[in-house]
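Report on the following structure.
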2 protein chains.
Amino acid sequence: MARRRQAVTIKHVAADAGVSLQTVSRVINNGPNVRPEMKERVQASIDKLGYVPSIAAQRMSGSRSYLILALNDRDKTIAEWRGRSGTDWVDQMLLGGMLTCAEYGYRMMVELVDTHSDHVERELSATIAALQPDGVILTPPHSENPLISGFLAKKNIPFARIGSLEPGPGLRLTMDDEHSAGMATEHLLGLGHTRIGLIAGPEEYSLSGWRIEGWTNAMKAAGLAVDGLCERGDFGFESGLQAARKLLDREDRVTAIVASSDQMALATLEVASDLGLAVPDDLSVVSFDNTPVVRFTHPPLTAVDQPVAETISQAVKLLIGPDRKPLPTEPINVAGKMVMRSSTAPPRVRSLD
Amino acid sequence: MARRRQAVTIKHVAADAGVSLQTVSRVINNGPNVRPEMKERVQASIDKLGYVPSIAAQRMSGSRSYLILALNDRDKTIAEWRGRSGTDWVDQMLLGGMLTCAEYGYRMMVELVDTHSDHVERELSATIAALQPDGVILTPPHSENPLISGFLAKKNIPFARIGSLEPGPGLRLTMDDEHSAGMATEHLLGLGHTRIGLIAGPEEYSLSGWRIEGWTNAMKAAGLAVDGLCERGDFGFESGLQAARKLLDREDRVTAIVASSDQMALATLEVASDLGLAVPDDLSVVSFDNTPVVRFTHPPLTAVDQPVAETISQAVKLLIGPDRKPLPTEPINVAGKMVMRSSTAPPRVRSLD
DNA sequence: TGCACAAACGATTGCGCTTACGCGTTACGC
DNA sequence: GCGTAACGCGTAAGCGCAATCGTTTGTGCA
């Protein structure tokens, strides 16, 4: 196979426009010191020849790579692809990230890294060295991994941590989990529920804590107790079954449950069905994530929509930035919103305690 | 911001191992004419320094880019991300493609292109020029677009067309739609159904035709008529509603339906529910795709699992290839398999005609 | 022992682009 | 009117790597 060369290079454009390479380069990069008519002439040649700069060459000469790297946990991702995870992170990352990158002439690449591996840094280092991205986006649990944050900070690569409020380097963007959980709880309180359970996420995720916080605050503000009403899961279906059983398979069961992921909400539905509890009459369920699946359950789930795509889009914009000004160190919150469906209703029997 | 340079380059490795750049290069690329002990020495330096070649530089010097481009239709993809499409192509492409790429030291990038736009070729050309991938994977409907195939063939870039049997250049891999549809139909025939409807895909997709073929052949082999039992949809939910209504909202309704996508099967469930038909007692439903959602419907759907991931994985392997031998011109079939759930059962009343 | 020939490695070149720098031109101050 | 500065453009160097060619060393055979 013949060695493949770039069809039309900057050289061809320069020749066609009758200018130097440098001038063409300036036009491409919106550089200063180019007269409008010159710029126009060069642009005409670019359009005429259909010239597109090779990102490889651009990277080589020490400039930007026009590449944003989205880092996801490998196991989490594969679980997601197999349909066994709650959040569709990859889809949403691409939806928010890729389209926004495209707007700015950037590309987005997804790479998988094992967070818990003991050679994360090695693996990451290799990926960075090979790809040399202009920015990196970290999703949970990577966004809470100090090894990863530390490495990127040391390498001076701009990066965004999604869904983590943990202090440390890098841009932080969250989906305001405390507020979202509060919102879900208040919705149920408004319907008249007083025993509202929470299926929280695992401790490794700081967002789990924030959701507990939001739920607790809402309950306390209504003068209600929270003891024994919170169980933990790992966002997966199986763990949801166990947590839901603990909350439901007893006399003083809850009349409503806020689940921290769609899969755990699905599991809650399953347990309710096993126990002969009707949803929403005997049990109201609010889910987190609002992935496509919750529209097709029985009944369709009221859910907190996590604006993952918007958040990633924000991150990309800040990472790319028109100029390379320093990134905000304060966390940025993107508000979630509730999507009402038919899994929530007033409790059948008002609890009298 | 300081201009970021590669931390450790081939030069450092060469210096550390006390050899020339070229020798290091040979070791990296498994080149010939290197003594084992020398190879070992260089490899030791590589490991010690944590050296990883820059793909940008590799591409620059005229060799491979170690990049596989996966091309998806933009509108289709966004519909998918929003949860409104049947197949989770992107997920499956990444699952099959990215992991396989990783095995071979390659990376996979997803890009979106409008198939129906009148400047497909321009858009594609720009992407290719910028990225210079070693191979391209085309999913439907791109895999049936002669403009795209023609362009890639002209540029001499190896590419795979997934899910298309249309003649033309490029590697062809399909999921044996004819066989799959036959399998689904035979399953229903085996349960005793005689009036089995098909909700086919749109005409633009040749796989729609193959599924009709498989279904027709199975029916005819059982001595049954197919007239008026086939409706078309566009794989989306809305179109499924219409098609299902045509098949069900009449006296001589079918007792079983094979739907060409999960979303259309979901719609069929909806229509059945509206008409007061119980699934599977009054109506059996078999779905195509087997995306995660069908495990959570009522009842969970029996489905034909489309081995998209395996197919893409195959494509990647052939595209990369140990050597650049010519790609097979005959289509390669990857067999789907049926996943039994509870949406199929023998018909309640045996039709007597 | 001599020669041909292959294997093993090194030196050089260039991929396409940006950055650094240099020189000529115009604008503006006193 | 001359100096300085800013602008507008060109020239040259080099990014990290693989391809090409050149040089040395080893091997087989007569």
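Hydrogens, waters and symmetry mates play no part in the numbers below; they use all other heavy atoms, side chains included.
- When the C1' atom of D:dA18 is taken as reference, atom CZ of B:Arg59 falls 11 Å away, rounded to whole Å.
- Counting to the nearest Å, the P atom of C:dC17 and the NZ atom of A:Lys11 are 10 Å from each other.
- Dashed line: the shortest gap from a side-chain N or O of A:Tyr66 to OP1 or OP2 of C:dC17 is not under 4.0 Å.
- Regarding B:Leu21, its CG atom lies at a distance of 12 Å from the C1' atom of C:dT13, rounded to whole Å.
- In B:Glu166, the CD atom is crowded: over 12 heavy atoms of neighbouring residues, nucleotides or ligands sit closer than 6.0 Å.
- Here A:Arg107 contributes atom CZ and B:Glu111 contributes atom CD; the two are 4.5 Å apart, rounded to the nearest 0.5 Å.
- Shown for residues 25-39 of chain A: residues whose heavy atoms fall under 4.0 angstrom of DNA chain C, namely A:Ser25, A:Asn29.
- Here D:dC9 is the nucleotide among D:dC17, D:dC9, D:dG16 with the atom lying nearest to any side-chain atom of A:Thr23.
- Considering only side-chain N and O atoms, B:Ser20 lies under 4.0 angstrom from the phosphate OP1 or OP2 of C:dG10.
- The shortest distance between the side-chain N/O atoms of B:Gln58 and the OP1/OP2 oxygens of D:dA18 is below 4.0 Å.
- If you take CE of B:Met60 and P of C:dG14, they are 13 Å apart, rounded to a whole angstrom.
- Among the protein residues, A:Val19 comes within range of the sugar-phosphate backbone only, with heavy atoms under 4.0 Å from sugar or phosphate atoms but none that close to a base.
- Looking only at side-chain heavy atoms (C-beta outward), A:Val19 and A:Arg41 come within less than 4.5 Å of each other.
- Counting heavy-atom neighbours within 6.0 Å of A:Glu103 CD, excluding the residue itself, gives a total above 12.
- Between B:Arg64 atom CZ and D:dC17 atom C1' the separation is 14 Å, expressed in whole Å.
- Summarising the geometry, the separation between CD1 on A:Ile10 and C1' on D:dG10 is reported as 13 Å, rounded to the nearest angstrom.
- Judged by distance alone, with hydrogens and angles left aside, the side-chain atoms of A:Gln58 form no donor-acceptor pair with the main-chain N or O of A:Pro53 at under 3.5 Å.
- Nearer to the 5' terminus of DNA chain C, by closest-nucleotide assignment, is the contact made by B:Arg41 (compared with the other of B:Arg41 and B:Ala57).
- Distance alone, capped at 3.5 Å, is enough to place a donor-acceptor pair between the B:Thr311 side chain and the B:Pro307 backbone.
- Side-chain contact between A:Val110 and B:Met108: absent, with no pair of heavy atoms (C-beta onward) separated by less than 4.5 Å.
- Rounded to an integer number of Å, the gap from CD of A:Gln22 to C1' of D:dG14 is 14 Å.
- For A:Ile46 and C:dC17, the CD1 to P distance is 10 Å, given to the nearest whole Å.
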